[in-house]
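Data first, discussion second: the structure below is written as structure tokens.
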Amino acid sequence: MDKIRRTLLGQIAKLTAGAALVPLSSIAAAGINDQPARREGDPEKRYAMLIDLRACIGCQACTVSCHIENEAPLGSFRTIVSQYEVEHEETGNTATFMLPRLCNHCENPPCVPVCPVQATFQRKDGIVVVDNEACVGCAYCVQACPYDARFINEYTQTADKCTFCAHRLDVGLLPACVESCVGGARIIGDIRDPNSQISRMMKEHYNELMVLKPEMGTAPHVFYLGMDERFVSRPDAKPAIWDVRDQQGEEIGYEFSGH
Amino acid sequence: MNSAVIEVLAPRYGIAWYPWAVQYFFLIAISYSALLLTVPGLLFGKKNYESLAKVALLVTVSCTLVGPVALLADLHQPLRFWHFYANLTPWSWMSIGSLLLPVYLILVVAYAWLAWRPAMQVQAQGEGWIAKLSGWVSLGQWCAPRWMLVVAGLGALALSVGIMVYTGAEVAIVKARPLWNTHWLPVMFVLTGLVAAAGLVILINRLMTGNDQEVNEQSLKVIVVTMILSALVAALWISEGITGFSPSVEQAFASLQRNPEWRAVAIYGLLVGIALTLSAIAMLRRPGWIGRSWIAGLLAVHIGWTFRWMVLMEVQTVAKNTAGYYHYAIEAGSSGLMGIIGTFGLWLAALLIIDILVPWKKSLQASSH
């Protein structure tokens, strides 16, 4: 991607991060593919996450603890830390860039209005959840999410995703990923409470915050600090070779094409 | 600063919609397109289109019956299909579709039933179990007035517009997949649906009704016109991407940049499209060649199906966030190859059962008045 475009995207990312701070009242349901009314959850709160990339060491403790806490099937993840090796083309110096990914609990979540049975919905506190008793497993929401944050759980055969560990938040605990983050890079909290750590940090770093894929108009509520503009959208990167096999030689991982 | 980036770690993202979806989109598109082909002969009662209407009616009914089965199978929780009706969700295109589809199916079946009924009533006079069954299916010997057929036909046509709109919009609104997110996609679904339906009519005409030249000619004309329109739509879509008129199409192009497989697909699509259009024109121009229309028919069906395969399956292999492309290898089981073969098997069964029980080659109700 050329530099001008990169800068522009970065600026959009910053702007969108700012716009998301203005609390949007529940959008009333109207036309096709509009956001339906929110339900359940505390209307006084708006949960969001700030990820301080400067403190992320890419240890995947969040990936593992989330996997255990939420019993995701092998190979499916509610959160993951993408890792990139960045090489300076002139000096040859290399650096590693870590990018934790999870559901962005968008203010305008494209996964919600597509659901044909209202199984996936946004709570009043902003958390996007799935009622897997109602879900028919049509996977429309999986297609609609620009962040690949959803998958069909092969055990339940229904849509699965990060819930900010709503079951833990509701009883005063922190999400598994936040609890296990060794660098303290993941900060969750109520952005309507001006004294919360996330609110204070967002105020302090207002101009540096970025969100993923701002061009999608989703107003994500996972904010990144120390973000590089080149990673805001699908990065212009080479995929590493992946071919994971178990001891019997059966493929348990996957391969990217084009190598 | 110029830098080379290697993605070291990324999870696997599987395919969320299976080949069942391709089968549904294929069959339902043939269904509404073949329904359109019955209109001049059956609804307007134009004599020279009656043979076309006969074949097209068989095609539309068989595809309408089997399509929803494939759709149901694409749900990961198919037994929960009733949730669609217990939780009406008017803001979701898929929910709207779940309401349109059963009504459409009933109207198409009613339309065909009324069209085939006079011949079935005659068949009911005979001996044997087929005659007995015909008597039951035709619900007595009373004469159904023509307005009933017209109402059912117009109703089915109205609902078919709903099906065209919803199947197209359902996919085209997904911004997360720029290759889908274009208003040209619903148009292209309809055009390639017409191509495939006309192709299937030619094949059925070749295999079951003795290669009626008039049917071949009319179907080839449909293929030529819709192929030219498809080319126009493809050109418009491409120009929207090149000029940046549509940022989404521009993004779609960027997502396929430097990928040799997609380039090969584009070239293949172009070549097959040209081959079909030129061969259809040649068959129409040279009197001796029209008997070989089935070759164009096969190509047309191939284009209709492959377009949906590329759009619905291959586009899912274009990563949204990660570098590179996913590798999709079709599974042997019911979510893969068996699903595809099974759907076509079911369609063939439906076609043959209708062929055994219904004297569909006899005069339709349109001409009995």
Side-chain angles (χ1 to χ4, degrees), chain A residues 29-34 36 75-77 80-90 96-97 101 110 113-119 134-140 142-148 151-152 157-158 212-213 215-217 230 234-240 253-259, chain B residues 1-18 21 74-81 83-84 86-98 169-171 173-177 180 247 251 254-255 259-261 316-317 319-328:
Chain A
I32 301 175
N33 217 32
D34 281 354
S76 298
F77 301 94
I80 182 96
V81 184
S82 295
Q83 301 192 350
Y84 302 92
E85 191 182 285
V86 187
E87 189 185 337
H88 195 289
E89 275 181 350
E90 281 132 45
T96 308
F97 185 73
R101 295 182 187 274
V114 297
C115 178
V117 296
Q118 300 173 46
C135 176
V136 292
C138 71
Y140 199 3
V142 180
Q143 305 289 8
C145 174
Y147 305 101
D148 268 336
F151 57 92
I152 294 291
Q157 290 293 316
T158 52
L212 295 181
K213 288 194 169 181
E215 72 276 12
M216 287 285 161
R230 283 167 295 180
R234 189 185 180 200
D236 186 10
K238 278 200 201 88
Y254 64 103
E255 239 177 310
F256 275 115
S257 62
H259 61 78
Chain B
M1 181 186 74
N2 287 322
S3 50
V5 181
I6 299 171
E7 189 172 59
V8 185
L9 192 62
R12 171 191 194 148
Y13 297 105
I15 297 288
W17 283 352
Y18 293 135
D74 202 41
L75 294 182
H76 288 76
Q77 290 278 1
L79 288 178
R80 290 187 184 175
F81 77 93
H83 288 201
F84 278 93
N87 304 286
L88 294 183
T89 309
W91 54 83
S92 163
W93 275 113
M94 194 183 275
S95 174
I96 292 169
S98 74
E170 183 176 68
V171 182
I173 56 138
V174 178
K175 278 195 192 149
R177 296 205 181 279
W180 288 352
Q251 251 180 40
S255 71
N259 184 298
E261 286 164 34
Q316 290 189 71
T317 67
K320 289 175 185 167
N321 288 292
T322 51
Y325 300 82
Y326 308 133
H327 179 67
Y328 172 67

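Labels below follow one simple rule: chain letters A, B, ... track the order of the sequence lines, proteins then strands, and each chain is numbered from 1. Quick note: numbers below take in every heavy atom, side chains included, and nothing from hydrogens, waters or symmetry partners. Computed from a predicted model, the values in this text were never measured in an experiment.
Using a 4.5 Å cut-off between heavy atoms, A:Tyr140 contacts chain B through both its backbone and its side chain. If you measure heavy-atom distances from B:Glu170 to chain A, the contacts under 4.5 Å come from both the backbone and the side chain. Proximity to chain A involves both the backbone and the side chain of B:Ser255, based on heavy atoms less than 4.5 angstrom apart. With a 4.5 Å cut-off on non-hydrogen atoms, A:Pro113 touches chain B through its backbone and its side chain both. The contact between A:Cys115 and chain B is made entirely by backbone atoms, counting heavy-atom distances below 4.5 Å. Of the atoms belonging to B:Leu79, not a single heavy atom falls under 4.5 Å from chain A.
Interatomic distance, A:Cys135 SG to B:His83 NE2, rounded to the nearest 0.5 Å: 9.5 Å. Distance SG/A:Cys145 to CZ/B:Arg177: 10.0 Å, rounded to 0.5 Å. Note that CG of A:Asn33 is 9.0 Å distant from CH2 of B:Trp93, once rounded to the nearest 0.5 Å. In this structure, CD on B:Glu7 lies 10.5 Å from CD on A:Gln83, to the nearest 0.5 angstrom. Rounding to the nearest 0.5 angstrom, the gap separating the CD1 atom in B:Ile6 from the CZ atom in A:Phe97 is 16.0 Å. For the atom pair CD1 of A:Ile80 and CG of B:Asn321, the computed distance is 12.0 Å after rounding to the nearest 0.5 Å.
Here the closest non-hydrogen pair linking A:Ala139 and B:His76 is CB-CE1, 4.3 Å. Closest non-hydrogen pair, B:Lys320 versus A:Gln143, comes out as NZ-O, 3.1 Å.
Counting heavy atoms from C-beta outward, A:Pro110 and B:Lys175 have side chains that stay 4.5 Å or more apart. Within the 4.5 Å cutoff, no side-chain heavy atoms of B:Val174 are placed close to those of A:Val114. Here the side chains of B:Arg80 and A:Val117 are not in contact, with every heavy-atom distance at 4.5 Å or above.
For the pair A:Gln118 (side chain) and B:Leu88 (backbone), a donor-acceptor distance under 3.5 Å is present.
Each of A:Asp148, A:Val142, A:Thr158 has some count of heavy-atom pairs under 4.5 Å with chain B, and the biggest count is that of A:Asp148. In terms of non-hydrogen atom pairs under 4.5 Å with chain B, the most contact-rich of A:Pro116, A:Pro235, A:Ser76, A:Gly137 is A:Pro116. Chain B forms more heavy-atom pairs under 4.5 Å with one residue of A:Ile152, A:Leu212, A:Thr96 than with any other, namely A:Ile152.
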